[in-house]
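Everything on this sheet refers to the single structure shown next.
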There are 2 protein chains.
Amino acid sequence: MEKVSLKVIAKELGVSAATVSLVLNGKNKNGRVSEEMSKKIIDKAAELHYIPNSLAKGLKMGHSKSIGLIVADISNVFFGTLALHIQNYAEKGGYTVIIGNTNEKLEEMEKMITFLNSRQVDGLIITPAEGSEFLIESVLKGKKPLVLVDRGFPDLNVPSVLINNYEICYRSTKQLIDQGFKNPAFITYRQDQFHTNERKRGFIEAMKDAGLFTPDHVKEVSYPYLNEDMDKAISQLLKCEKKVDAIFFATNTISMAGVKSLFKRGMLIQKDIQVMCFDETDAIDLFPFRVPFIKQPIKEMAKTALELLIDQIEKKEVTNKKLFLEAELIT
Amino acid sequence: MEKVSLKVIAKELGVSAATVSLVLNGKNKNGRVSEEMSKKIIDKAAELHYIPNSLAKGLKMGHSKSIGLIVADISNVFFGTLALHIQNYAEKGGYTVIIGNTNEKLEEMEKMITFLNSRQVDGLIITPAEGSEFLIESVLKGKKPLVLVDRGFPDLNVPSVLINNYEICYRSTKQLIDQGFKNPAFITYRQDQFHTNERKRGFIEAMKDAGLFTPDHVKEVSYPYLNEDMDKAISQLLKCEKKVDAIFFATNTISMAGVKSLFKRGMLIQKDIQVMCFDETDAIDLFPFRVPFIKQPIKEMAKTALELLIDQIEKKEVTNKKLFLEAELIT
DNA sequence: AATTTTTAATTAATCGATTAACTCTATACT
DNA sequence: AGTATAGAGTTAATCGATTAATTAAAAATT
């Protein structure tokens with residue numbers, strides 16, 4: 001079976017490829033191609049199951065109608081959900097999404113950027129890894145439309161879609177305090193990223209404002225040794241002189257690991273200890289009782305990021321807006 | 001900043017684009033290009049940050065070095081993990097993966113296939129939706145390399161990577177019986193797909209062989225109304241004259257919904273009722289006790305599927321092998 | 001010195017689609 | 001009748017990379 005190109009349709013109908021292209025793209029205005037021929041072409045294209053070659057089209061047009069999405073780990077529900085929504089919105093705008101994983105590693109992020117550039121993506125949506133400012137700056141220099149999601153760099157002038165991390169963590173901590181917990185702890189990743197720093201700051205400020213802040217109650221765990229570090233951190237927290245009565249987990253993976261670790265040592269959540277989770281996980285609504293958690297507006301984040309990106313791509317409008325969407329505290 | 005193409009490098013160095021292409025592709029064997037010029041070209045390419053245009057390359061070469069992966073829902077952990085591993089293995093072979101969601105809908109699946117074809121993917125990995133035989137057949141007719149994963153069609157001659165659904169479910173059911181549960185139930189999707197049918201068959205045969213089979217103990221739920229249907233199904237199972245003492249959930253989403261539903265009505269797993277889950281979920285190792293579950297070899301499935309696909313793409317070897325990998329019962 | 005071989009490149013066609021600029025007819029208008 | 005105008009298409013260049021076929025000079029061989 002011969003591959004069906006414009007030329008094939010053209011030959012079968014005895015016209016030029018140009019004519020076929022014109023018709024199939026709806027550009028046969030003001031008498032370019034007759035009604036009759038148009039119909040013939042459309043019918044023939046359908047008959048032969050013609051599928052346009054988007055490599056050729058992209059090459060000629062200078063755009064691929066695709067965007068690159070770079071996340072840390074597509075098997076993480078947060079990123080998976082983000083990807084799903086981004087894809088759905090992208091499809092509506094006629095764009096394909098190519099997803100890349102960084103595994104939080106700079107080299108992999110760099111590779112993915114080069115890779116997606118070689119694939120001529122029209123724009124990039126990135127959840128940047130720690131310390132990747134220089135990579136982001138190089139993308140910016142290349143003039144390729146770019147939007148950061150979930151994580152941003154305060155010193156960089158990049159369109160970003162973030163959430164109100166500081167504020168929501170302040171409020172959530174305050175709620176714990178108002179509910180009578182006097183010694184809440186906070187567990188976050190050992191990393192220097194703006195979004196997690198802000199979460200931590202929210203916790204600390206709320207604690208300070210209540211006159212309850214204890215530096216020892218903020219623990220850090222590392223991404224590669226999450227479970228081990230978590231066990232240690234919780235051990236330490238439970239041994240503190242001021243015994244911890246609540247733990248605020250700073251991300252979804254930390255929440256899962258934290259809850260798991262508590263279970264392992266036989267602690268009953270909400271009886272022996274209270275928890276506050278960032279992000280919704282499958283596990284959370286498994287509990288026979290309510291676990292308070294912070295819900296990110298993932299779908300809205302996806303939508304907003306895509307709008308920002310497509311505006312740049314199509315209207316050549318360089319927005320440097322940083323948008324802060326509101327997360328919600330669900331109790 | 002001018003876009004850097006072969007031509008730009010060529011012009012800067014006063015040579016032809018052909019020479020640059022030869023060097024950059026390592027095809028300057030037996031005295032095609034001098035050592036000296038080669039070095040100059042390589043240096044200049046690095047200096048200008050040359051990134052090859054893979055649309056142009058793909059157009060010329062007739063392959064895009066990309067493969068399409070069509071799953072039901074990328075935000076589902078099973079598919080997310082599958083995608084992650086497929087991407088990792090693909091990258092090693094120099095392929096990009098473009099992921100598409102079907103949401104279990106035929107029209108979306110059809111759209112995705114056309115879409116990926118227009119993007120000139122070199123092959124397709126698909127977890128087909130119910131009733132999509134005709135779509136799979138049309139792909140086959142188009143001679144595009146194809147591999148089915150997770151779900152297959154027994155009547156179709158397509159390379160597939162599946163697991164031993166029947167056998168593992170038989171064994172798992174038998175184990176429940178051996179442990180003393182006399183009235184296990186089975187909850188699956190209301191759909192006619194080979195892989196879930198096989199799971200059901202495994203359960204039923206094991207029950208029959210033990211002389212315990214009760215048709216009323218097999219319940220079906222629908223994908224769009226999972227939670228509601230689950231509540232109903234469990235209600236009915238608990239009202240049966242032969243009161244159900246264990247439930248076997250046929251997929252990961254069903255497992256989650258099932259466990260959630262049990263919790264909601266205050267049933268304690270392993271005390272009031274035993275469960276058996278298909279797939280590992282985050283939630284499963286949250287329990288303070290062990291929940292038996294069936295673990296699919298996702299990583300191996302990804303690897304095998306990719307091997308089967310790349311064999312077809314590169315060696316033009318039309319394997320119609322159906323490979324059955326072994327799932328594991330974890331107790 | 002003449003011929004062959006090797007070295008080092010270039011030329012030009014090609015992949016498939018797009019589109020500005022052009023051609024050719026037929027009809028309309030003065 | 002002679003010129004405009006509208007209608008219906010075609011031509012040819014182009015996007016960027018690849019590669020078979022060719023060329024031209026230098027080196028080796030007879």
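Heavy atoms only: backbone and side chains are in, while hydrogens, waters and symmetry mates are out. Lettering follows sequence order; numbering is per chain, from 1.
In this structure, the nucleotide among D:dA8, C:dG16, C:dT18 sitting nearest to the side chain of A:M61 is C:dT18. In the set D:dA17, C:dT10, D:dT18, the nucleotide with an atom closest to the side chain of B:S5 is D:dA17. Comparing C:dT19, D:dC15, C:dG16 by their nearest atom to the side chain of B:K7 picks out D:dC15.
Residues A:I74 and B:G80 share a closest heavy-atom pair of CG2-O, 3.9 Å.
Counting to the nearest Å, the P atom of C:dA17 and the CD1 atom of A:I51 are 11 Å from each other. Rounded to an integer number of Å, the gap from NZ of B:K57 to C1' of D:dG16 is 12 Å. Here D:dG16 presents its P atom at 17 Å from CG of B:N25, a figure rounded to the nearest Å. Look at NZ on A:K60: it is 16 Å from P on C:dG16, rounded to the nearest Å. For B:L22 and D:dA21, the CG to P distance is 15 Å, given to the nearest whole Å. As rounded to whole Å, 11 Å separates atom C1' of D:dT18 from atom OH of B:Y50. The CZ-P distance, from B:R32 to C:dA8, rounds to 12 Å in whole Å. Between the NZ atom of A:K3 and the C1' atom of C:dC15 there is a distance of 9 Å, given to the nearest Å.
The only option from A:H63, A:K60, A:Q120 that meets the side chain to side chain contact (heavy atoms under 4.5 Å, CB included) definition with B:L55 turns out to be A:Q120.
Within 4.0 Å of A:S21, counting heavy atoms only, lies at least one base atom of the nucleic acid. Contacts of A:V15 with the nucleic acid, taken as non-hydrogen atoms under 4.0 Å apart, involve only primed sugar atoms and P, OP1 or OP2.
Position along DNA chain C of the nearest nucleotide to B:L59 versus B:V33 favours B:V33 as the more 5'-ward residue. Closest-nucleotide positions on DNA chain D for A:A18 and A:A56 were compared, and the one nearer the 5' end corresponds to A:A18. Looking at which nucleotide of DNA chain C each of A:L55 and B:T19 is closest to, the 5′-most match is held by B:T19.
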